[in-house]
S.K.: 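First, the structure itself, so that you have it in front of you.
Sequential numbering from 1 along the given sequence is applied to the chain's residues. All figures in this text were calculated on a predicted structure; none of them were measured in a lab.
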Amino acid sequence: MKTIYNILVSLLITAMRIGAVFNYKLKKGLAGRRQSCEIVKAKFSSDDKIIWMHAASLGEYEQGLPVLEKLKKEFPEHKILVTFFSPSGYDHIITKKSIADAVCYLPFDTDKWVKEFTSNFKTDIFFTVKYDFWYNLLDELKKQGAEIYVVSALFYETQVFFKFYGKCFVKQLRENVDFFFHQTTQSSALAKSIGLKNSITAGDTRYDRVKQLRERDNTVSHIAEFIGDQKTVIFGSSWEAEERIAEILSVKNRNLKIIIAPHDLKRVSVLQTTFPTALLYSQFSDKNPLSYSNIQVLIIDCIGLLGNLYSYGDLAIVGGGFHSKGLHNILEAATYGIPVFFGDQFRKNPEADGLIAHNGGKCFEDEFFAAPYLLGLLNDDVLLKKMGENAANFINSQPNASENIVDFVLKNHRI
């Protein structure tokens, strides 16, 4: 089965090389992987002890970061390595100040690349986030004596582990992973059902991350002046469906302020066509202040503000749930004590189910069902406040997963 796995990895590499001819992200990913060994050679020596976190993309990075930060406090002399599979995660982190001493792409999971990459340092603790497993990597790290963990693990019935041909992959995990820290009791039960008994339900570390957001300064220049004393709806990571909701709300409630942060900045021009009188965030100026009282819609034409913007809202509508692309982060909004709304085509999102169950949010079949409900809610201050409180209580009720995980690691760490 290892031979078959290696053939599949080779096919993946070939497919990415072909795809890179037509896809810029794939091209960037391939170029970045060629530099990974040089990056770690420059940053680490073979004697350096490393805490290594691997995240598939940005969402998994945010999920694992609270654990990484706590481990760094406990092991201040260790150096930190963060690897990504996806360009979207790598691109976001590489431009910002980071806890990591080195950030790079994860090399392709071949014996040659893995051995060359890991020979440049000594991995003391390695953890991957959620379910991004690379079997040659795990096998090599185990041979080198690293402690290996899975943080915020999420198993579900349709994964390969639960197919008749998935037993070899389960065997690899059983032999190489020291412990699984699961998001949910269901995930933990599924893991144990296939023999991965070194598992506990620790909770989802994303809740720890979003709790931290409330403790920082969330001020965004000019936003308070733009809002004034009017109710405000934040559209986070919006797609077409969410933007149609914004269009309906803008027509039906002229006293409402609407802030739209599209999932892709390429949509800014489309939004300007839909909302011809809208203001772009880049048009704000300290030297030439604009009169905001008659401007209803603000379009965010830059990245990095959304997590702060939610703190200004009375409710949030988060994109991605009206199609199969995937629901974006709803916890960033809910942590500020505002109700959160989204489409009902989300999968593998226990946080969405939990928020709905606590009546801190609601999902809709399409935008035309959503708009009338939201218009009514904006006119019902009692219900709006109550749903916001429910959202905050839902976040606060979650366990401190990263603390539980790090306590376990410390008790079992092989010095």
S.K.: Rounded to the nearest 0.5 Å, how far does CD of Gln212 lie from CG of Leu65?
M.R.: 7.0 Å

S.K.: Evaluate the criterion side-chain contact (heavy atoms from CB on, under 4.5 Å) for residue pair Ile99 and Leu68; output intermediate values, then yes/no.
M.R.: CA-CA 8 Å; Ile99 187 176; Leu68 189 62; 3.7 Å; yes

S.K.: Students often mix this up, so state it plainly: with edges at 30° and 60°, are the rings of Phe408 and Phe179 parallel, tilted or perpendicular?
M.R.: tilted

S.K.: Which pair of non-hydrogen atoms, one from Ser36 and one from Cys104, has the smallest distance, and what is that distance?
M.R.: OG-CB, 3.9 Å

S.K.: Using modelled atom types and a 3.5 Å cut-off, is there a donor and acceptor pairing between side-chain atoms of Asn349 and backbone atoms of Ala352?
M.R.: no

S.K.: Do side-chain atoms of Gln345 reach the backbone of Gly321 as a donor and acceptor pair under 3.5 angstrom?
M.R.: no

S.K.: Quick one: do the Asp204 and Gln63 side chains pair a donor with an acceptor below 3.5 Å?
M.R.: yes

S.K.: Quick one: are Val114 and Trp134 in side-chain contact, heavy atoms under 4.5 Å?
M.R.: no

S.K.: Run the numbers on Glu243 and Ser238 for side-chain hydrogen bond (donor to acceptor under 3.5 Å, both in side chains), then give the verdict.
M.R.: CA-CA 6 Å; Glu243 291 156 13; Ser238 65; 2.8 Å; yes

S.K.: Counting distance only, does the side-chain N/O of Gln183 pair as donor-acceptor with the main-chain N or O of Gly203 below 3.5 Å?
M.R.: no

S.K.: Any luck finding a side-chain donor-acceptor pair between Ser152 and Thr205 under 3.5 Å?
M.R.: yes

S.K.: What class does the angle between the rings of Phe169 and Tyr5 fall in, given that below 30° is parallel, 30 to 60° is tilted and above 60° is perpendicular?
M.R.: perpendicular

S.K.: Where do His54 and Thr83 land on the side-chain hydrogen bond (donor to acceptor under 3.5 Å, both in side chains) test, with the steps shown first?
M.R.: CA-CA 5 Å; His54 173 65; Thr83 57; 2.9 Å; yes

S.K.: Determine, stepwise, if the pair Leu315 / Val340 fulfils side-chain contact (heavy atoms from CB on, under 4.5 Å).
M.R.: CA-CA 6 Å; Leu315 64 83; Val340 185; over 6 Å; no

S.K.: Verify the ring-centre separation between Tyr131 and Phe180: is it less than 6.0 angstrom?
M.R.: no

S.K.: At what distance, to the nearest 0.5 angstrom, does NZ of Lys192 lie from OG1 of Thr185?
M.R.: 10.0 Å

S.K.: Salt-bridge test for Glu240 and Arg267: reply yes if a basic N is under 4.0 Å from a carboxylate O, no otherwise.
M.R.: yes

S.K.: Are the charged groups of Asp314 and Lys231 less than 4.0 angstrom apart, N to O?
M.R.: no

S.K.: Do Glu403 and Lys70 come within less than 4.5 Å of each other through their side chains, counting heavy atoms only?
M.R.: yes

S.K.: With ring centroids as reference points, do Trp52 and Phe127 lie under 6.0 angstrom apart?
M.R.: no

S.K.: Using only atom types and a distance under 3.5 Å, with no angle test, would you say the side chain of Glu60 pairs donor to acceptor with the backbone of Ser57?
M.R.: yes

S.K.: What class does the angle between the rings of Phe155 and His182 fall in, given that below 30° is parallel, 30 to 60° is tilted and above 60° is perpendicular?
M.R.: tilted

S.K.: How about Ile317 and Leu374: do any of their side-chain heavy atoms sit closer than 4.5 Å?
M.R.: yes

S.K.: Is any side-chain heavy atom of Glu367 less than 4.5 Å from a side-chain heavy atom of Glu242?
M.R.: no

S.K.: How long is the straight-line distance from OH of Tyr61 back to CZ of Phe84, given to the nearest 0.5 Å?
M.R.: 6.0 Å

S.K.: If you compare all heavy atoms of Ile94 against all heavy atoms of Asp91, which two are closest, and at what distance to 0.1 Å?
M.R.: CG2-O, 3.6 Å

S.K.: Would the distance check show the side chain of Arg209 and the main-chain N or O of Pro66 forming a donor-acceptor pair, the cut-off being under 3.5 Å?
M.R.: no

S.K.: Side chains of Asp132 and Phe85, heavy atoms from C-beta outward: is any pair under 4.5 Å?
M.R.: yes

S.K.: Assess whether atom CZ of Phe162 is packed by more than 12 heavy atoms of other residues, nucleotides or ligands within 6.0 Å.
M.R.: yes

S.K.: Are any side-chain N or O atoms of Lys72 and backbone N or O atoms of Pro76, one a donor and one an acceptor, separated by less than 3.5 Å?
M.R.: yes

S.K.: How about CZ on Arg17, more than 12 heavy atoms from neighbouring residues, nucleotides or ligands closer than 6.0 Å, or not?
M.R.: no

S.K.: When you compare the side chains of Glu147 and Tyr149, does any donor N or O come within less than 3.5 Å of an acceptor on the partner?
M.R.: yes

S.K.: Leu355 versus Ile330: any side-chain heavy-atom pair under 4.5 Å?
M.R.: yes

S.K.: Do Phe121 and Phe117 have ring centroids that are under 6.0 Å from one another?
M.R.: yes

S.K.: In terms of heavy-atom contacts, does CD of Glu77 have more than 12 from other residues, nucleotides or ligands at under 6.0 Å?
M.R.: no

S.K.: Is it the case that over 12 heavy atoms from other parts of the model lie below 6.0 angstrom from the NZ atom of Lys211?
M.R.: yes

S.K.: At what distance, to the nearest 0.5 angstrom, does CD of Glu351 lie from CZ of Phe346?
M.R.: 9.0 Å

S.K.: Are Tyr90 and Val103 side-chain neighbours, meaning at least one heavy-atom pair lies under 4.5 Å?
M.R.: yes

S.K.: Should Phe341 and Phe235 be marked as a ring pair (Phe, Tyr, Trp, His ring centres under 6.0 Å) after you check the CA-CA gap, both sets of side-chain angles, and the distance that decides it?
M.R.: CA-CA 10 Å; Phe341 304 92; Phe235 287 81; over 10 Å; no

S.K.: With side-chain contact (heavy atoms from CB on, under 4.5 Å) as the test, would you mind laying out the steps for Ile125 and Phe75 before giving the verdict?
M.R.: CA-CA 10 Å; Ile125 298 171; Phe75 300 98; 3.9 Å; yes

S.K.: Looking at Asp48 and Lys43, is there a salt bridge between them, counting it only when a charged N and a carboxylate O are closer than 4.0 Å?
M.R.: no

S.K.: Would you confirm whether Ser250, through its side chain, and Glu247, through its main-chain N or O, come within 3.5 Å as a donor-acceptor pair?
M.R.: yes

S.K.: Taking the six-membered ring of Phe108, is NZ or CZ of Arg33 closer than 6.0 Å to its centre and within 45° of its axis?
M.R.: yes

S.K.: Using a cut-off of 6.0 Å, state whether more than 12 heavy atoms not belonging to Leu265 lie near its atom CG.
M.R.: yes

S.K.: Between Asn393 and His358, does any side-chain donor sit less than 3.5 Å from a side-chain acceptor?
M.R.: no

S.K.: Restricting to non-hydrogen atoms, name the atom on Val67 and the atom on Val406 that form the minimum distance, rounded to 0.1 Å.
M.R.: O-CG2, 4.0 Å

S.K.: Determine, stepwise, if the pair Leu327 / Cys363 fulfils side-chain contact (heavy atoms from CB on, under 4.5 Å).
M.R.: CA-CA 11 Å; Leu327 179 62; Cys363 65; over 6 Å; no

S.K.: Search all heavy atoms of Val170 against all heavy atoms of Leu196 and return the closest pair with its distance.
M.R.: O-CD2, 3.9 Å

S.K.: Would you call the rings of His78 and His413 parallel, tilted or perpendicular if under 30° counts as parallel and over 60° as perpendicular?
M.R.: perpendicular

S.K.: May I ask you to decide if Ile194's main-chain N or O and Arg174's side chain share a donor-acceptor pair within less than 3.5 Å?
M.R.: yes

S.K.: With a 3.5 Å distance limit and no angle check, can you tell me whether Asp208 reaches the backbone of Ser402 through a side-chain donor-acceptor pair?
M.R.: yes

S.K.: Checking side-chain polar atoms at under 3.5 Å, does Tyr312 have a donor or acceptor matched by the opposite partner on Asn218?
M.R.: no

S.K.: Drop me the distance from Trp113's CH2 to Asn136's CG, to the nearest 0.5 angstrom.
M.R.: 13.5 Å

S.K.: Kindly confirm or rule out a cation-pi arrangement of Lys362 over Tyr373, judged by NZ or CZ under 6.0 Å from the six-membered ring centre and within 45° of its axis?
M.R.: yes

S.K.: To the nearest 0.5 Å, what is the distance between NZ (Lys252) and CG (Leu378)?
M.R.: 14.0 Å

S.K.: Examine distances only and state if a side-chain atom of Asn198 and a backbone atom of Val177 form a donor-acceptor pair shorter than 3.5 Å.
M.R.: yes

S.K.: I want to check something: taking the side chain as every heavy atom from C-beta on, are Ser221 and Phe284 in contact at a cut-off of under 4.5 Å?
M.R.: no

